[in-house]
Amino acid sequence: MTKPTRKRVRRGNHGRLDTINQLPYEVLCHIISFLSVDEVVRSNIFSKRWKPLWKHASCPDFDGRYMIKPLSQLENSLAGKLTNYALNSSTSSTFESCEKLKVLKLKKMLMKDGIVNGILKNCLCLENFSPIESVGFKKLKIQKSSLKFLELQLLVVDKIEVLVEDLQVVVLNSLICPAKGLRIFAPKLKSFHSYCNATTQRMLGNKPRKRT
């Protein structure tokens, strides 16, 4: 009669049962999706298994306040959120390396007119784009054939032009723009959502615009 094999249990440095590293890879990726980039990087000390997990975060937040070169972290990502950063004609060229990027959120950014066009041009596979609470520009032109989802949130601009034939979803959230200045051409649009937070819009309307 053969003896039943005993499954080897991994234990941590202090002899305690290491349960978290016994979890399936899919579960670890799900845990990572709830963490910020800083927390994900610090999680690498747990185990070698955790080192590549940051690439599977749903939309990691690369915050310019805490990271020296946040743009470089976007190069191998499928999704990313860039926060608290200033972009100009030279830094936006960094997006040339973001060929695989499909989801991009730009929050609290400082950008000149035309910077967004350069970003969209370089991100060849971009499908989901969300500029949020960003300043420094008066005009915004969105023209990207691969784009499927567009969210414009907490922006104060004079003109917005969206020319995307395959665009399927548009979300406008607390947007300040003259009615005559808003133009959307999206013949394949399936869903359109518009929200208005009166308090937030008043705050944005009274806030002085920053110029680079």
Side-chain angles (χ1 to χ4, degrees), residues 59-64 67 69-194 204 207-212:
C59 192
D61 188 351
F62 303 107
D63 197 325
M67 305 181 71
K69 295 181 178 180
L71 281 177
S72 63
Q73 305 299 322
L74 281 170
E75 293 182 4
N76 298 315
S77 302
L78 296 177
K81 178 180 176 182
L82 191 60
T83 308
N84 296 298
Y85 201 73
L87 289 176
N88 51 46
S89 56
S90 58
T91 54
S92 62
S93 62
T94 309
F95 285 89
E96 293 178 359
S97 303
C98 301
E99 298 178 355
K100 299 179 181 179
L101 194 66
K102 290 189 176 182
V103 179
L104 178 62
K105 296 183 179 182
L106 301 177
K107 185 175 181 180
K108 294 184 178 180
M109 303 291 292
L110 182 60
M111 305 179 289
K112 290 183 177 180
D113 289 333
I115 294 298
V116 170
N117 288 341
I119 294 174
L120 295 177
K121 182 180 179 180
N122 291 324
C123 297
L124 303 179
C125 299
L126 194 65
E127 297 179 355
N128 187 318
F129 183 54
S130 304
I132 303 170
E133 203 175 349
S134 297
V135 296
F137 53 93
K138 290 184 177 180
K139 299 179 181 179
L140 184 61
K141 185 174 182 178
I142 308 293
Q143 192 169 7
K144 182 69 177 176
S145 59
S146 62
L147 209 60
K148 300 292 189 298
F149 177 93
L150 175 65
E151 178 185 18
L152 304 177
Q153 181 178 352
L154 299 172
L155 301 179
V156 182
V157 291
D158 295 335
K159 185 178 181 180
I160 295 178
E161 190 174 13
V162 179
L163 304 172
V164 185
E165 187 171 346
D166 293 331
L167 189 63
Q168 297 179 4
V169 180
V170 172
V171 179
L172 305 181
N173 192 346
S174 301
L175 188 68
I176 296 182
C177 177
K180 294 182 179 180
L182 179 61
R183 180 189 175 196
I184 299 177
F185 175 77
K188 297 182 181 180
L189 192 67
K190 295 181 179 179
S191 180
F192 179 85
H193 306 275
S194 181
L204 288 173
K207 186 184 297 185
R209 295 185 181 183
K210 295 181 181 179
R211 298 294 295 174
T212 56

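From a predicted model like this one, the values you see are computed outputs, not experimental measurements.
Between Leu175 and Leu152, the shortest heavy-atom distance links the atoms CD1-CB, 4.3 Å.
A donor-acceptor contact shorter than 3.5 Å links the side chain of Ser134 to the backbone of Met109. In this structure, Lys148 contributes its side chain and Ser146 its backbone to a donor-acceptor pair below 3.5 Å.
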Does the pair Val135 and Val156 meet the rule for a side-chain contact (heavy atoms from CB on, under 4.5 Å), with working shown? CA-CA 7 Å; Val135 296; Val156 182; over 6 Å; no
Show the numbers, then the answer: is there a side-chain contact (heavy atoms from CB on, under 4.5 Å) between Leu147 and Leu126? CA-CA 6 Å; Leu147 209 60; Leu126 194 65; 4.3 Å; yes
Applying side-chain contact (heavy atoms from CB on, under 4.5 Å), run through Asn88 and Lys112 and close with a yes or a no. CA-CA 7 Å; Asn88 51 46; Lys112 290 183 177 180; 5.7 Å; no
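For the atom pair Glu133 CD and Lys108 NZ, the distance stands at 5.0 Å (nearest 0.5 Å). Considering CD of Gln153 and OG of Ser174, their distance stands at 7.0 Å, rounded to 0.5 Å. In this structure, the separation between CG on Asp113 and NZ on Lys141 is 12.5 Å, given to the nearest 0.5 Å. Remark: Asn128 CG to Leu101 CG distance equals 10.0 Å, nearest 0.5 Å. We find the NZ-CG distance between Lys144 and Leu150 to be 13.5 Å, quoted to the nearest 0.5 Å.
For residues 161-181, the salt bridge (Lys or Arg N to Asp or Glu O under 4.0 Å) pairs, not counting sequence neighbours, are Glu161-Arg183, Asp166-Lys188.
Within the 4.5 Å cutoff, the side chain of Leu155 has heavy atoms near those of the Phe137 side chain. Put simply, the side chain of Ile119 reaches to within 4.5 Å of the side chain of Leu106, judged on heavy atoms. With contacts defined as side-chain heavy-atom distances shorter than 4.5 Å, the pair Gln143/Asn117 does not qualify.
In this structure Phe185 satisfies the side chain to side chain contact (heavy atoms under 4.5 Å, CB included) test together with Leu163, Pro187, sequence neighbours excluded. Under the side chain to side chain contact (heavy atoms under 4.5 Å, CB included) criterion, Ile184 pairs with Val162, Val170, Leu182, Ala186, Phe192, sequence neighbours left out.
Residue Cys177 forms a side-chain contact (heavy atoms from CB on, under 4.5 Å) with just one option from Asp158, Val157, Leu172, and that option is Val157.
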